[in-house]
Novice: 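First the structure, which I've put down as structure tokens, then a few questions once you've had a look.
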There are 4 protein chains.
Amino acid sequence: MSRVVAVTGTRAGRPRDPRAHAAILAAVRDLLTTVGYERLTIEAVAAQAHVGKQTVYRWWPAKSALVAEAALAGYLAMPRTDSDPTGDLVADVRAWIVDAYGRLADPATVALIRGLAAAAADRDSDADLLYAQITRPSRDQLVTRLAAGVTHGQVDPATDLGVVADTLAGAVLYRVLARRPPPTADDVENLVTLVTAGVGRRTPGGAAHAGDTGR
Amino acid sequence: MSRVVAVTGTRAGRPRDPRAHAAILAAVRDLLTTVGYERLTIEAVAAQAHVGKQTVYRWWPAKSALVAEAALAGYLAMPRTDSDPTGDLVADVRAWIVDAYGRLADPATVALIRGLAAAAADRDSDADLLYAQITRPSRDQLVTRLAAGVTHGQVDPATDLGVVADTLAGAVLYRVLARRPPPTADDVENLVTLVTAGVGRRTPGGAAHAGDTGR
Amino acid sequence: MSRVVAVTGTRAGRPRDPRAHAAILAAVRDLLTTVGYERLTIEAVAAQAHVGKQTVYRWWPAKSALVAEAALAGYLAMPRTDSDPTGDLVADVRAWIVDAYGRLADPATVALIRGLAAAAADRDSDADLLYAQITRPSRDQLVTRLAAGVTHGQVDPATDLGVVADTLAGAVLYRVLARRPPPTADDVENLVTLVTAGVGRRTPGGAAHAGDTGR
Amino acid sequence: MSRVVAVTGTRAGRPRDPRAHAAILAAVRDLLTTVGYERLTIEAVAAQAHVGKQTVYRWWPAKSALVAEAALAGYLAMPRTDSDPTGDLVADVRAWIVDAYGRLADPATVALIRGLAAAAADRDSDADLLYAQITRPSRDQLVTRLAAGVTHGQVDPATDLGVVADTLAGAVLYRVLARRPPPTADDVENLVTLVTAGVGRRTPGGAAHAGDTGR
DNA sequence: GCATAAACGAGACGGTACGTCCCGTCTTTGA
DNA sequence: TCAAAGACGGGACGTACCGTCTCGTTTATGC
């Protein structure tokens, strides 16, 4: 019957069980890989995690949020962190592209990305947050490499590196969603060429390059 | 998506009612716009179209097929057909990009694209078909313009135009799915620069970029 | 798409399946007997009847309604119809009481009566209807016998037979609900005496009998 | 219903809070009146009493026990204790009946009785205990009055007063559960007649009624 | 014409999952 | 040790849709 509220910040009541939390996210990842986003049900998640449905609903408002957190909680294969920029722009861009497509060899990663795409379609509020989270680490890595290119004089300083990174990330995502076959070595090389040429130093005052003069 | 009718003679029985067919597709488009793919139900489609559920199931096997046909049956805003290549590569690419983003001003178009993305995530079988249908008209138009660029000597003949078109389409699709704000004039210009520079004539025999020559 | 309404009274759509209807009521009776009203769940009813939950909810608004119909649909053991009034008031009343208590030997009957009591507690609207249905056949039979008693001059014509019948029915119901042990022969005899004496011919103008004079 | 406390010395630890105890019972009575037994939940009781659920479960094993104690802890309107037998059998019986029905004017009393009936239906173990507790004070009072009638020669000494009292109590309970409208003055009078006549002095050695005497 | 056949609106069917409520238990902080 | 708070695994609730299955009705072909 005491109505005194604790002064300290720790709330009364049983604290959240981290094991349940982790089991739920693991179940989401498994089910996403096996049955896909549309056929993933919260009922199945709870069952597989040996958890009451209410425990899921207590912490996540919707299936999309669940998938989002599962993806962001370290279950999404991340870019290799050990490949630092070499200073060779072409090699660096090629390495990034190869790495990005390479990670798509893991079915769980592909399933998570597709799930996130579907989740984003369901969550107006933070769709761009979700996409940012998916692509940011990769994107930042690419931006770093391009910035090194600027330093080495291989990349035009006027280039908006963000636009380049987003475009490349979009191209990769597109292949995943459209379920295109993995790119061939030629495809990769063409993409490398497009990007490296596209960001190369340009004559001041003109948006186009030497080809313009051939007109 | 609808059942193929035998070429040899018309079968007996009441023929398919085209009014019901159209009403269903219209209901799909409306519901996609208002509630989105995930919350679109066949029950609601049938109710809104004043049609029995069986009439829907008779002609479409799944929700994704319904959405696909709704998108392909003229409900998806198509690229303007009246803008022929001018021969000015920069202007042509810019026109294409502006046109592509411009069509996204229609909420119904955006809803259909998102719906198709979700449907494709659910249907391995025809994901690339769906994406091809969404992006092909646009994509072909861009390829045509780039090919004109080749003719005019503005585009390197070695360029794989398909890769360029896919990359640009992916970048646009990415912005739609991620619900990014509409691109600014600067964004567009940066994208134009990236692409036009990327496809420009290069020194033969090398993947090296324009910057190489300027050094 | 035709909007013409049929002239006939038969509604469109698939008609109600009487087999599902019967299976549900049978399941209710079984479960009522085995687990009792409180632990009877609609989920279990549907499962046992091999029926979808919605089919139950489509026709019955609540568990209480379900139990009510199960009881009234012939699943409640009824009074023997072959025992006509003999004209001997004491024998007739005794026969009625013995019969009433005898029917309580069937566990299903007892379970149904208890379930109806609980259901009536849940259904303000028609609790007295429910009780009337439970007790009416018995009650009417008793009223018939007492009426014969009036004809034979054994029962005071001023007696409100309904009050008598309700009182006796209430006494029986009370024993069921209170789970009293079955009445002994003496109990029955005492009850017979109470009633037969209570309805006996009285001197006109007075509510009480000879005992009054002792005052 | 609450746990028995050892007589030998007070145990260590915080003593039971009587305010919580009382608040719980009050909440039970309120909820029983407002929502009824079926929709009364322990969760709601705890919330309304500003008490933790565990505090309820610590002292009461089940909803029925809670309702039982609420009824017995002075929340059930009791018979008036100031009306002693006058020696006038008819007046005494009439007073008892009027008093019994009069107490049913209080909605909380009616709700408690209905709740107890439902609880008893759910708990084989103490159904008769519950009923005894509800009806005993009333019942005993009636037996006392009838016993006075025996003394005054108005009641046949062979009468089993318990059977009479139970029958009358059952009749009253029946009206409550069946939600019959309050009895009219005529109904009361008829019931008084039935009982007073039924228990009146009879000719020795026969179960026959007053009418037998040919009067 | 008149049978046959298919499509139609309607809606009941056996099911699955939804998101919520409550069960009875457990685990924390605080008195 | 009791109490308030509140998370936990679990079960049932009543609802929404799924995809299927009758119904009566409508609209065509073909005998």
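Basis for what follows: all heavy atoms, side chains included, without hydrogens, waters or symmetry-related copies. Just so it is clear: chains get the letters A, B, ... in the order the sequence lines come, proteins before strands, and each one is counted from 1.
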Novice: In whole angstroms, how far is the C1' atom of F:dC18 from the NZ atom of B:K63?
Specialist: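 Distance, rounded to whole Å: 11 Å.
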
Novice: Does OP1 or OP2 of E:dA12 have a side-chain N or O of C:T55 closer than 4.0 Å?
Specialist: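 No, C:T55 has no side-chain N/O under 4.0 Å of OP1/OP2 on E:dA12.
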
Novice: Give the rounded distance in Å between these two atoms: OH of D:Y57 and P of F:dG6.
Specialist: 17 Å

Novice: Rounded off to whole Å, could you give me the CZ-to-C1' distance for the B:R19 and E:dG9 pair?
Specialist: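 These atoms are roughly 12 Å apart.
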
Novice: Could you tell me how far apart A:E38 (CD) and E:dA17 (P) are, to the nearest whole angstrom?
Specialist: 13 Å

Novice: Using heavy atoms to find the nearest nucleotide of DNA chain E for A:G13 and C:P18 separately, return the residue whose nucleotide is more 5′.
Specialist: C:P18

Novice: Taking only side-chain N and O atoms of B:R16, does any of them lie within less than 4.0 angstrom of OP1 or OP2 on E:dC8?
Specialist: no

Novice: Which comes earlier along DNA chain E counting from the 5' end, the contact point of C:H50 or that of A:P61, where each point is its nearest nucleotide?
Specialist: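 Result: C:H50.
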
Novice: Can we say D:R39 and C:D122 salt-bridge, meaning some charged N sits less than 4.0 Å from an Asp/Glu carboxylate O?
Specialist: yes

Novice: Round to the nearest Å and state the distance from B:W60 atom CH2 to F:dG19 atom C1'.
Specialist: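 Those two atoms, CH2 and C1', are 16 Å apart.
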
Novice: Would you mind telling me which of E:dG14, F:dC21, F:dA5 lies closest to the side-chain atoms of C:A20?
Specialist: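 Of the candidates, E:dG14 comes closest.
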
Novice: What is the separation between atom CD1 on C:I42 and atom C1' on E:dC21, rounded to the nearest whole Å?
Specialist: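 After rounding, the gap between these two atoms is 15 Å.
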
Novice: F:dC2 P sits how many Å from D:W59 CH2, rounded?
Specialist: 6 Å

Novice: Ignoring the backbone of A:V51, work out which of F:dG9, F:dC13, E:dC8 is nearest its side chain.
Specialist: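 Nearest nucleotide to the side chain: F:dG9.
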
Novice: Looking only at atom types and distance, does a side-chain atom of D:K63 sit under 3.5 Å from a main-chain N or O of D:Y37, one as donor and one as acceptor?
Specialist: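 Yes, D:K63 side chain to D:Y37 backbone: donor-acceptor pair under 3.5 Å.
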
Novice: Indicate, yes or no, whether a donor-acceptor pair under 3.5 Å links the base of F:dC21 to the side chain of C:R14.
Specialist: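 Under the 3.5 Å cut-off, the side chain and the base do form a donor-acceptor pair.
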
Novice: State the OG1-CZ distance between A:T33 and A:R114, to the nearest 0.5 angstrom.
Specialist: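 Separation between the atoms: 11.0 Å.
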
Novice: How close or far is atom P of F:dC21 from atom CZ of C:R58, stated in whole angstroms?
Specialist: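 Result: 16 Å.
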
Novice: For B:A111, does its backbone N or O pair with a side-chain atom of B:R29 as donor and acceptor, under 3.5 Å?
Specialist: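 No; zero donor-acceptor contacts below 3.5 Å.
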
Novice: Is it the case that the base of E:dG15 and the side chain of C:K53 share a donor-acceptor contact (distance under 3.5 Å, atom types as modelled)?
Specialist: no

